[in-house]
Amino acid sequence: VNALHIQGTAKLKDGRIVVGGLGGVLLVSGDEGRSFSLQEQHDRLGISAVIPVPGGGIVSTGEFGVRKMTLAAPAAPAK
């Protein structure tokens with residue numbers, strides 16, 4: 001990826017940072033932004049905004065309309 005076009009970000013109550021962008025990019029960080037993992041979106045439609053909801057998921061808006069998304073469980077801290 002040469003450039004990431006970030007459209008929306010959110011910080012969840014559990015501390016995770018979620019970043020959404022063009023091409024369905026959804027990045028999740030459990031270490032205050034030091035590293036991110038990609039959560040694949042099967043339709044690859046752009047994400048415009050991410051909003052945290054109770055229970056740790058997000059509501060996202062974008063080319064697909066509005067959808068509630070469940071995020072993968074946070075990764076265990078590196079030892």
Side-chain angles (χ1 to χ4, degrees):
V1 175
N2 293 330
L4 172 65
H5 297 280
I6 295 172
Q7 300 293 311
T9 61
K11 187 166 185 179
L12 306 183
K13 284 188 177 185
D14 66 7
R16 289 184 287 171
I17 298 170
V18 181
V19 177
L22 298 180
V25 169
L26 187 66
L27 303 172
V28 181
S29 173
D31 60 5
E32 299 179 354
R34 289 186 293 277
S35 63
F36 286 85
S37 60
L38 175 65
Q39 185 166 323
E40 297 283 342
Q41 304 303 304
H42 69 282
D43 55 17
R44 306 288 294 158
L45 295 174
I47 298 171
S48 298
V50 291
I51 303 161
V53 296
I58 60 169
V59 170
S60 60
T61 63
E63 295 178 289
F64 45 80
V66 177
R67 85 170 52 133
K68 185 174 179 184
M69 303 173 78
T70 302
L71 301 173
K79 294 182 179 182

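Note that the numbering runs from 1 along the sequence shown for the chain.
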- side chain to side chain donor-acceptor pair (under 3.5 Å) partners of residues 61-72, not counting sequence neighbours, each pair once: D43-R67

- Query: Can you name the residues that form a salt bridge (Lys or Arg N to Asp or Glu O under 4.0 Å) with R44, not counting sequence neighbours?
  - Reply: none

- Message: To the nearest 0.5 Å, what is the distance between CD1 on I58 and CG on L12?
- Response: 7.5 Å

- Applying salt bridge (Lys or Arg N to Asp or Glu O under 4.0 Å), name anything that partners E40, two or more places apart in sequence or on another chain. none

- Message: Which residues pass the side-chain contact (heavy atoms from CB on, under 4.5 Å) test with S35, not counting sequence neighbours?
- Response: D31

- Heavy-atom side-chain proximity of Q7 to I47 below 4.5 angstrom: no

- Can you name the nearest heavy-atom pair linking V50 to T9, along with the distance? CG2-C, 3.5 Å

- Item | side chain to side chain donor-acceptor pair (under 3.5 Å) pairs, two or more places apart, involving residues 45-55 | none

- Query: Closest approach of S29 and R34, non-hydrogen atoms and distance?
  - Reply: OG-N, 4.0 Å

- Listed by chain and number, what are the side-chain contact (heavy atoms from CB on, under 4.5 Å) partners of Q39, not counting sequence neighbours? L26, V28, Q41, L71, A72

- Spacing of OG belonging to S60 relative to CD1 belonging to I51, to within rounding of 0.5 Å: 8.5 Å

- Do you know the tightest heavy-atom contact between V19 and F36? CG2-CE2, 3.9 Å

